[in-house]
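Have a look at the structure below, then the notes.
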Amino acid sequence: MNIQASALTILLTAFTLMGCRQADVQRLDQERLTTELDSLFDRKFPKEDPGAAVIVTHHDSIVYNRCFGMARLDTPTPITGHTMFNICSVSKQFSAVAILKLAEEGKLSLDDSLKKFFPEFRADFYNRITLRHLLSHTSGLPDARPRTAEQWQRYTSTTPTRFTCVEDFKRFCEEDESCRYLEQLDTLEFEPGTQYAYQNPTFQLLLMVIERVTGQQFDDWMKQHIFLPAGMEQTTFFEPDKVIPDMAHGYEPVGFTTLNGDRIPTDNPNHYFRSKDGRWEENDYGEASFFGTKADGGIYTTPLEFLKWDRALYHDQIISKASRQIAHTAHISTDIPETDYGLAFFIEHKAQRPTKIYHTGDNGGFLIFEGRIPSLDLFYLVFANRPDWNREATIEAMDQIILRAFKPKK
């Protein structure tokens, strides 16, 4: 063998060994993953109670897919991969991607000021607040929606409303009412772009931005340009009178008090639905506060349709890779340790851990998580219709299980 051939052989061997080592690092022990995730979630979600759907994918293949518990208790219905969950604040990323898509098309810029879209807003500071600030929760705009009787009295003294009491406002208001205080707002919490403060009304403004830029109803434009291109045929926005097939209800545990030594359920003055065993109370639209808005938290979708969204987003089918990277680039540090915020995505960078891009959602009885570890090409979600489980501790346990399942074989 000549020197050139020997060198080539050595080089090919080196690449082969590097490839093997890389494959070892990336190899997923699916049996271990399944066993440990089953052990984690079987304890949390008994089959007769509200529960959750849990899915993990690797290289776009589903490697874990189990559903626990019930989607509905009034007409007992188990959770499946086709159950429609309210995904709460995870909806924000869809609004952000819509804005990025319109920016790619030259119909707006992330650095456009709010004054451009809302000339009716009185304060001069709207000239300094941009769409980028809204998307990164750095606008400085406060959430000044009324929540108490005293706040309601002040609100109604200056602002027209169709509601007669603050409780109805909280339960049934939509974007037009929820954002109305912004027209006359005269004070910021901080200078735009300098701090992080997670807000919902600022994301609700994106609905109106999209409608004013496109000339279409928000729901129609999102379906045509976001949902359907991602293959999300069932996904929709909540509306009070809309029939959503396979829709889960959100539930909360009923509180109990002790009277004369007996444990009895707390009062139910509003006559919300309670399960036959008296342990669960319905908590979604009509019971939960601020449930009816769309751009910040109004999407209903299924676990399996959300997988289509993740694939479409990471395969650059909706927006370009460059736009996706803008959304996934840290714009501001958050109040969560070792976590920044991009544009509708959290970016976690814990020591000795791969970077994780994720978002959470909380609305009524729904508690939601979706996340991706790009370096492992791994995606996972937990969609739950009960909030009485520790999401942060559970996801940390999931992270450890996932990383153990990827350890190289010895």
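In what follows, every heavy atom counts, from backbone to side chain, and hydrogens, waters and symmetry copies are set aside.
Separating the NE2 atom in His349 from the CD atom in Glu338 is a distance of 7.5 Å, to the nearest 0.5 Å. The CD1 atom of Ile368 sits 7.5 Å away from atom CD1 of Ile87, with the distance rounded to the nearest 0.5 Å. Atom OG1 of Thr302 sits about 14.5 Å away from atom CE of Met247, to the nearest 0.5 Å.
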- Walk me through it: do Arg43 and Ser39 pass the test side-chain hydrogen bond (donor to acceptor under 3.5 Å, both in side chains)? CA-CA 7 Å; Arg43 298 193 306 268; Ser39 177; 3.1 Å; yes
- Determine, step by step, whether Tyr196 and Asp340 satisfy the side-chain hydrogen bond (donor to acceptor under 3.5 Å, both in side chains) criterion, reporting the C-alpha distance in whole Å, the side-chain angles of both residues, the deciding distance to 0.1 Å, and the verdict. CA-CA 10 Å; Tyr196 167 86; Asp340 298 323; over 6 Å; no
- Message: The test is side-chain hydrogen bond (donor to acceptor under 3.5 Å, both in side chains); show your working for Tyr198 and Ser89 and say whether it passes.
- Response: CA-CA 11 Å; Tyr198 192 94; Ser89 285; 3.1 Å; yes
- Task: Determine, stepwise, if the pair Ser61 / His58 fulfils side-chain hydrogen bond (donor to acceptor under 3.5 Å, both in side chains).
- Result: CA-CA 5 Å; Ser61 296; His58 182 227; over 6 Å; no
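If you check the side chains of Tyr380 and Asp399, you find a donor sitting under 3.5 Å from an acceptor. Side chains of Ser320 and Glu104: a donor on one and an acceptor on the other come within 3.5 Å.
At least one side-chain heavy atom of Leu114 sits less than 4.5 Å from a side-chain heavy atom of Leu141. Using a 4.5 Å cut-off on side-chain heavy atoms (C-beta onward), Glu252 and Trp280 make no contact. Two residues are said to be in side-chain contact when any heavy atoms from C-beta on lie closer than 4.5 Å; Arg66 and Asp38 meet this criterion. The shortest side-chain heavy-atom distance between Thr355 and Lys350 does not fall under the 4.5 Å cut-off. Proximity of Gln216 to Met222: side-chain heavy atoms (C-beta onward) are nowhere separated by under 4.5 Å. The side-chain heavy atoms of Phe94 and Thr301, taken from C-beta on, include no pair separated by under 4.5 Å. Between Asn65 and Pro303 there is no side-chain heavy-atom pair separated by less than 4.5 Å. Looking only at side-chain heavy atoms (C-beta outward), Cys173 and Arg145 stay at 4.5 Å or farther from each other.
A pairwise comparison of heavy atoms in Ala123 and Leu185 identifies CB-O, 3.5 Å as the closest pair. Here the closest heavy-atom approach between residue Pro201 and residue Asp143 is recorded as CG-OD1, 3.6 Å. Scanning all heavy atoms of the two residues, the minimum distance from Leu73 to Ser275 falls at CD1-CB, 3.9 Å. Across all their heavy atoms, Ala96 and Leu343 have their closest contact at CB-O, 3.9 Å. The two residues Lys294 and Phe238 have their closest heavy-atom pair at CE-O, 3.6 Å. Annotation for Val166 and Ala149: closest pair CG1-N, 4.3 Å, computed over non-hydrogen atoms.
Of the listed residues (Phe190, Phe203, Phe346, Phe345), just one forms a ring-ring contact (aromatic ring centres under 6.0 Å, His included) with His137, and that residue is Phe203.
Environment of CD in Glu31: sparse, with no more than 12 heavy atoms of neighbouring residues, nucleotides or ligands closer than 6.0 Å. Within 6.0 Å of the NZ atom in Lys242, the count of heavy atoms belonging to other residues, nucleotides or ligands exceeds 12. By the neighbour-count criterion of 12 heavy atoms within 6.0 Å, atom CG of Asp124 is sparsely surrounded, having that number or fewer from other residues, nucleotides or ligands. Around atom CD of Gln217, no more than 12 heavy atoms belonging to other residues, nucleotides or ligands sit under 6.0 Å away.
When atom types are taken as modelled, the side chain of Ser139 and the backbone of Ile129 share no donor-acceptor pair closer than 3.5 angstrom. Not one N or O on the side chain of Lys170 forms a donor-acceptor pair closer than 3.5 Å with the backbone of Phe290. Side chain of Asn385 to main chain of Gly51: a donor-acceptor pair is present (N/O by atom type, distance under 3.5 Å, no hydrogens or angles). Side-chain N or O atoms of Asp296 include none that pairs as donor or acceptor with a backbone N or O of Gln199 at under 3.5 Å.
Between Phe383 and Phe366, the gap from one ring centroid to the other reaches at least 6.0 Å. For Tyr155 and Phe169, the distance between ring centers is under 6.0 angstrom. No close placement of the Phe163 and Trp152 rings is indicated, their centers lying 6.0 Å or farther apart. Side-chain rings of His328 and Tyr314 approach one another, their centers coming within less than 6.0 Å.
A tilted orientation is assigned to the rings of Phe227 and Phe237, their planes being inclined by 30° to 60°.
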